[in-house]
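The structure appears right after this line, and notes come after that.
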Amino acid sequence: MINKTLNKALFTGVSLLALATLAGCGEQEKKDTKEQDALVEINKNPFPSTYEPLPSEATLITNVTLLDGIGGQMENASILLENGKIKAVGTDITAPDGVKTIDGKGKWVTPGIVDAHSHLGVYATPDAHAHADGNEMTKPVTAAVWAEHSIWPQDPGFRRALAGGVTSMQILPGSANLVGGRSVTVKNLPDRTIQDMKFPDAPYGLKMACGENPKRVYGKKGGPMTRMGNVAGYRQAWIDAKAYKEQWEKYYDDYEAGENPKAPKRDLAKDTLAGVLDGDILVHMHCYRADEMVVMIDVMKEFDYQITSFQHGVEAYKIADKLAENNICSAMWADWWGFKMEAYDGIRENIPMVEQAGACAIVHSDSDQGIQRLNQEAAKALSDGQRAGIDISKAQAWTWLSANPAKSLGIFEKTGSLEVGKNADVVLWSADPFSTYAQAELVYIDGGLAFDRNNPESWAISDFELGQAGEGDHK
Amino acid sequence: MNKTLIASIVAAGVTVSAGAAAENIAIVGGKVHTMTSTGTLEKATILIEDNKITKVGKDITVSGEYRVIDATGKVVTPGLMGAFTSLGLVEVPSYGSGVDANAGKAAISAGLDASYAITPDTSLRDITRIEGFTSVASAVSQSATMFKGQGAIVTLGNDETPVTKARAFMVVDVSESGAHKAGGSRAALWVELRDALKQAEYAQNIRFTPQTEWHGMPVADVKALVPVVKGDTPLLVIAHRATDIRQVIALKEEFSSLNITLVGAAEGWRVADEIGAVGFSVILNPESNLPYSFQQNAATLANAGRLNEAGVNVAIGMNTHNIRLASQNAGNAVANGLPYQAGLASLTSSVAKIYGLEDTHGSLKAGMTADVVVWSGDPLEVMHAPTNVIINGEEVKLESRQTKLRDRYLSLESDKPVQYTRP
């Protein structure tokens, strides 16, 4: 939508208009003849984050088994959280004056879980029709819609996920459409508005979907009604988006050349698709079947964009080598299978087999229940892999829950591992989190204590739950 | 590594099938959860002859006639029982095929009989049993009225006719979805339900022929309800809201013979003492802790523990394709207040009690059906799994189409198309 020069100009705060004017000084006679209208610029961030971290106090957690989220495990470890960041990780950290110290003997510390696939807020509970805001099932390509405009921050599911150690998540539109719309990445700190939850500076994602869902929804509504119809739909959308992108590029080139071109009419859907072609928006593609994923890799190459992740890659194990070659993550369930034909070949070793092939494996939920126990989903996948002879450690398996999803969402520089300088998104588990019985005891988001299992007074209660049966109960 | 594994599994399979019907098995050295008053025995022995358990205890001598399974360092439990499923009735539910679990267009409802539709040739059988489940209760999940008909008890063994008890229970839905089918309101549902039970009371003295004058509900439906009102067939009642559960208790006061188990009961804990007093069992999903509708506003992970504390018999497991996850569900109930032994019972003896199978299933003692599982460790721990599954006295292969898919793609051979690889 905007060419690279302009991106850079906007980033540095110098407008292209100013550049054009400066350039004009050297070519006085040519420029004087033309009056330029103001440059039409597209605001890429019209709904900016207003996220504010919780108040935090400097905290030292000692004596724990620590998984750093990037493959490392440390015994008798300590971690120091200060000013919302991870200040130190190691075995010989001394408590600075005034720091709150928590003895974590027998307990474990991990990075906060990042769920790459949630519909909290867009399919909120109570799941009344009135709350079904996740699928814009009106036409096959609805790249114009943004999930953040559907999210109800009062969804009680957010706090349940917090009790499971989830500190960030991507919220996606549903999978009815070939192109569903934009996703948004949020901090799991439920607040009044979605802007209050938006993960600062996280890139946008684009939800696309393969297979059964689009053909089921549109089969009797003008199509597509087959998988070949689906693929024709994606390709046409990219062709249209490329043409749109070229219009804008020509507009900026002409403007830069000193002409006074008329800006193209904006098209919200094509803004988003062009954003993918520019590399600004990350494609997260719902695709179960191995053969379909490979078709989509070919479409990706045809139109020169990158698929960041396949979501629900139930058959990723069949083509794990190709996923590794093409640098595409697979976000997967541990053991969901069989609920539809494209999920029929689900196996319990999918995640470890993807890992073994050197591809990026992610454990995701797509569920208001699953998101509460993603640690157990990773545990199941790990042990199933181990029994099949795949040698993976617990430390490596935790990358499926933090580093890999954070990378896929473009937020790994800020979260997803316990490294000095990163956001203090940290969970203290009551025991080894690969056990059914382990529970998240303390959950920190940007160093602020967002959930304390042993202090009911600290539990967030959504507006919906106030005054209802069960308000403030153990959930 | 993988090849070796397969080879050993195949070898074990040969041994098993060679002696299938008459094999004597001794499981020795394991930590045995008997699920009886005997409790848990360390380093105990279980003897199996034909399809029955003959001995359970310590200091049992094992003669050479037994094939020995060494369970040292492992855990032994009764085979787990899927409490509430449609297993055998559905292969691929959504936009798929092989679905007998949806009878929404049938003219009958209480009369529906799952036993005619159940097949052992479902991929769900092997996939479920290798996770330690040896039998399930199975019924249709969709019907035209509040009644979902008569469910069956199904073994997951190698039997060609897997229904071990047909018409084993009746299901009725008095939650919001049941009310929807009764015209949209509980105000209609409870009147209709009482009327149906009254008709059944009346019909128990009728010998129906095509000439019988009868102006009530479909004959097949009322006939199916007769053993229910007599208390011979357990009645499973799907209810969530505390108010609805109180209505079920009131129904029991009016039809005192009913043998009722609540299903779902998301708000069961709010009426735990009353449920305990009236003696209903409850089948639930302990992880259901969200207000999916206003009838579940008070849903909590503490539900199973609180009901147990009030003396309620709690069973866990409401799923079909993934009923195998009931052991994880139970583990989470334990993590949220259910005592550990009650957690194990929720998958075994508590289920057997609901279906009147406590004399044959759900515990380990002499005379019981030989459904026994040896686990690598705690069955409620997500990282442990069965190492041996014995159903009806026969050890089954730990193999399914899922393990075959796994093995095919673990050992990809690049010189020929993958479909020529036979795992």
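Naming convention: chains lettered A, B, ... in sequence-line order (proteins, then strands); numbering from 1 in each chain.
By the 4.5 Å heavy-atom criterion applied to side chains, Arg408(B) and Lys318(A) are not counted as neighbours. At a threshold of 4.5 Å between non-hydrogen side-chain atoms, the residues Arg387(A) and Met383(B) do not count as touching. Leu325(B) places none of its side-chain heavy atoms less than 4.5 Å from the side chain of Trp336(A). A 4.5 Å side-chain heavy-atom check between Tyr437(A) and Val334(B) finds at least one atom pair inside the cut-off.
With sequence neighbours left out, Glu274(B) forms a salt bridge (Lys or Arg N to Asp or Glu O under 4.0 Å) with Arg246(B).
Residue Glu131(B) touches chain A through its side chain alone, counting heavy-atom pairs closer than 4.5 Å. Interface remark: Arg160(A) contributes side-chain atoms only to the contact with chain B (heavy atom separation under 4.5 Å). With a 4.5 angstrom heavy-atom cutoff, Asp378(B) touches chain A only via side-chain atoms. No part of Gln296(B) comes within reach of chain A, as not one of its non-hydrogen atoms sits under 4.5 angstrom from that chain. Proximity to chain A (any heavy atom under 4.5 Å) is restricted, for Ala299(B), to the backbone atoms N, CA, C and O. Of the two parts of Arg306(B), only the side chain, counted from C-beta on, holds a non-hydrogen atom closer than 4.5 Å to a non-hydrogen atom of chain A. Of the atoms belonging to Gln372(A), it is side-chain heavy atoms, and not backbone ones, that fall under 4.5 Å from chain B. For a residue to count as touching a neighbouring chain, one of its non-hydrogen atoms must lie under 4.5 Å from one of that chain's; by this rule Lys215(A) touches chain B with backbone and side chain alike.
The nearest pair of heavy atoms linking Tyr292(B) to Asp127(A) is O-OD1, 2.5 Å. Among all heavy-atom pairs drawn from Glu212(A) and Ser94(B), the shortest one is OE1-O, 4.3 Å. Contact between Asn322(B) and Asp335(A) at its shortest, heavy atoms only, is ND2-O, 3.2 Å.
For Asp391(A), the CG atom is loosely surrounded, since the number of other residues' heavy atoms within 6.0 Å does not exceed 12. The environment of Lys394(A) atom NZ is dense: over 12 non-hydrogen atoms of other residues, nucleotides or ligands sit within 6.0 angstrom. A 6.0 Å sphere centred on CD of Gln369(A) holds more than 12 heavy atoms belonging to other residues, nucleotides or ligands.
In this structure, CG on Asp368(A) lies 9.0 Å from OG on Ser288(B), to the nearest 0.5 angstrom. Rounding to the nearest 0.5 angstrom, the gap separating the CD atom in Gln376(A) from the CG atom in Asn332(B) is 4.0 Å.
A donor-acceptor pair shorter than 3.5 Å cannot be found between the side chains of Glu471(A) and Asn297(B). Donor-acceptor pairing under 3.5 Å is recorded for the side chains of Asn336(B) and Gln439(A). Between the side chains of Ser435(A) and Glu381(B), at least one donor N or O sits under 3.5 Å from an acceptor N or O.
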From CA spacing to verdict: side-chain contact (heavy atoms from CB on, under 4.5 Å), Lys475(A), Leu301(B): CA-CA 5 Å; Lys475(A) 297 294 182 184; Leu301(B) 289 167; 5.8 Å; no
Trace of the side-chain contact (heavy atoms from CB on, under 4.5 Å) decision for Glu377(A) with Val382(B): CA-CA 8 Å; Glu377(A) 300 307 293; Val382(B) 277; over 6 Å; no
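Using modelled atom types, no side-chain atom of Thr436(A) and backbone atom of Gln328(B) make a donor-acceptor pair closer than 3.5 Å.
Residues of residues 340-351 of chain A having a heavy atom under 4.5 Å from any heavy atom of chain B, listed by number: Lys340(A), Met341(A), Tyr344(A), Asp345(A), Gly346(A), Ile347(A), Arg348(A), Glu349(A).
Comparing Ser376(B), Pro291(B), Ala298(B), Ala385(B) by how many heavy-atom pairs each has under 4.5 Å with chain A, the most go to Pro291(B). Among the candidates Thr403(B), Asn303(B), Ile127(B), Val418(B), the residue making the largest number of heavy-atom pairs closer than 4.5 Å to chain A is Ile127(B). With chain A as partner, the option from Gly96(B), Ser293(B), Ser123(B) having the largest number of non-hydrogen pairs under 4.5 angstrom is Ser123(B).
Centroid-to-centroid, the aromatic rings of Phe294(B) and Phe464(A) come within less than 6.0 Å.
Of the options Trp333(A), Trp337(A), Phe339(A), a ring-ring contact (aromatic ring centres under 6.0 Å, His included) to His321(B) is made by Trp337(A) and by none of the others.
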